[in-house]
Amino acid sequence: SPYPCRLSRRSCSCSRLSRTWAFIIAAVTSSAVVQVLAIVQAIAVGVIGLLLWGVLFWPETITAIYTWDDSTAYNHCFLVLPIVLYLIWERRDTIAHLRPRPEPLVAIAVLPAVVAWLVAERLGIMEGRQLMAIVALEAMLFAFLGRRFWSALAGPLLYLFFLVPF
């Protein structure tokens, strides 16, 4: 008998089960689901990368926040992140059809920023360390999002350089 349970076609649930699995596999491999999974994966990797960036550049971040709070000349820096988020929200229609395509080789671009950060750290120049932290963040975002996605968000992402109080 062609049915694993050795029953007739009518009483065999195996054929219904195989049709169900075929439907599930077809649904999971549809382009919309694949695109959503790619976006979820990019978000997960991005969140992990941002957490790692936050841990690595914790002193620079805390010093920048203290500077924003203490100096009236840099109080506007608290508005930069909400403005960046708003600008990204405004481009949501543009990026809706784009798919993140990570480019791991771009992560090599972080190396000159790390060397410059190390020089600034050895010379005791906090602004240089903060600037290189933002450069590393930009390179990381470029590597995670890919060329087309990052280009669509280049304006808001480059606006992050205004976070550096110098």
Side-chain angles (χ1 to χ4, degrees), residues 23-118 120-121 125-166:
F23 175 75
I24 290 171
I25 290 170
V28 168
T29 58
S30 72
S31 63
V33 172
V34 170
Q35 185 172 2
V36 168
L37 289 175
I39 290 171
V40 168
Q41 180 184 14
I43 289 172
V45 170
V47 167
I48 291 169
L50 286 174
L51 289 173
L52 181 62
W53 180 87
V55 168
L56 290 174
F57 296 109
W58 183 256
E60 289 80 5
T61 305
I62 294 301
T63 304
I65 292 171
Y66 284 147
T67 304
W68 301 344
D69 192 39
D70 290 341
S71 174
T72 57
Y74 297 113
N75 286 150
H76 68 280
C77 291
F78 284 111
L79 297 175
V80 171
L81 284 177
I83 289 171
V84 167
L85 292 175
Y86 173 76
L87 292 172
I88 291 172
W89 178 256
E90 283 293 312
R91 294 174 187 231
R92 68 187 181 275
D93 294 333
T94 305
I95 62 172
H97 69 280
L98 294 176
R99 186 172 158 201
R101 296 177 193 255
E103 297 182 23
L105 290 177
V106 177
I108 295 172
V110 174
L111 292 178
V114 169
V115 170
W117 177 89
L118 185 60
E121 195 274 330
I125 306 170
M126 181 54 78
E127 292 84 4
R129 290 170 54 186
Q130 293 167 344
L131 185 62
M132 289 306 110
I134 296 294
V135 169
L137 176 67
E138 295 287 343
M140 181 187 70
L141 289 172
F142 192 103
F144 289 155
L145 298 175
R147 185 177 320 267
R148 292 183 65 202
F149 206 100
W150 191 89
S151 295
L153 295 175
L157 293 178
L158 290 174
Y159 199 76
L160 290 172
F161 279 103
F162 289 114
L163 290 172
V164 179
F166 60 94

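Any value given below was found using the heavy atoms of this structure, including those in side chains, with hydrogens, waters and symmetry copies removed.
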Can you find a heavy atom in the side chain of [X] that is under 4.5 Å from one in the side chain of [Y]?
X	Y	answer
Val115	Leu111	no
Leu163	Trp68	yes
Met132	Phe57	no
Leu87	Leu153	no
His76	Phe162	no
Glu103	Phe142	yes

Value rounded to 0.5 Å, distance of [atom1] in [X] from [atom2] in [Y]:
X	Y	atom1	atom2	value
Gln130	Ile125	CD	CD1	12.0 Å
Leu56	Leu137	CG	CG	11.5 Å
Glu90	Arg92	CD	CZ	6.5 Å
Thr67	Met126	OG1	CE	8.0 Å
Ile134	Trp117	CD1	CH2	14.5 Å
Ile95	Phe149	CD1	CZ	4.0 Å

### Message
Could you walk me through whether Trp53 and Thr61 satisfy the side chain to side chain contact (heavy atoms under 4.5 Å, CB included) test, starting with their C-alpha distance in whole Å, then the side-chain angles of each, then the deciding distance to 0.1 Å, before giving a yes or no?
### Response
CA-CA 10 Å; Trp53 180 87; Thr61 305; 4.1 Å; yes
Check [X] against [Y] and note the closest heavy-atom contact, atom names and distance.
X	Y	answer
Ala143	Ala107	CB-N, 4.0 Å
Met140	Gly49	SD-O, 3.4 Å
Ala136	Ala113	N-CB, 4.4 Å
Tyr159	Ile83	CE2-CG2, 3.5 Å
Leu160	Val80	CA-CG1, 4.5 Å
Ile65	Phe78	O-CZ, 4.1 Å

### Query
More than 12 foreign heavy atoms under 6.0 Å from CZ of Phe161: is that the case here?
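More than 12 heavy atoms, drawn from other residues, nucleotides or ligands, come within 6.0 Å of this atom.
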### Message
For Ala152, is there any backbone N or O sitting under 3.5 Å from a side-chain donor or acceptor partner on Arg91?
### Response
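A pair under 3.5 Å: yes.
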